[in-house]
Amino acid sequence: MSTYQWRKSSYSADAGNCVNVAADSGVIAIRESDDPDVVLTTTPAALRSFIRGTKAGRIDHVK
């Protein structure tokens with residue numbers, strides 16, 4: 001696994017409970033700052049679809 005260049009939202013300020021995101025070679029990596037050893041990976045297209053669906057309210061009622 002490569003060494004990711006993690007980024008967090010500027011809205012997080014100094015809060016310790018943030019989501020960090022990194023991109024490397026067509027892979028998007030996501031982790032929580034309070035558990036940095038757990039890293040989820042996805043593709044840019046899948047993440048884009050998830051974000052669009054979330055904003056549109058399509059996953060508000062996941063069962």
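Residue numbers start at 1 and run along the sequence shown.
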List the residues meeting side-chain contact (heavy atoms from CB on, under 4.5 Å) with [X], not counting sequence neighbours, and say none if there are none.
X	answer
Ser49	none
Leu40	none
Arg7	none
Ala46	Thr42, Thr43

How close do [X] and [Y] get, counting heavy atoms only, and between which atoms?
X	Y	value
Ala22	Gln5	CB-O, 3.6 Å
Val38	Arg31	O-CB, 3.4 Å
Pro44	Gly26	CD-O, 3.3 Å

* **Distance, nearest 0.5 Å, that separates CZ of Phe50 from CD1 of Ile30** => 8.0 Å

* **Separation between CD1 of Ile51 and CD1 of Ile59, rounded to the nearest 0.5 Å** => 10.0 Å

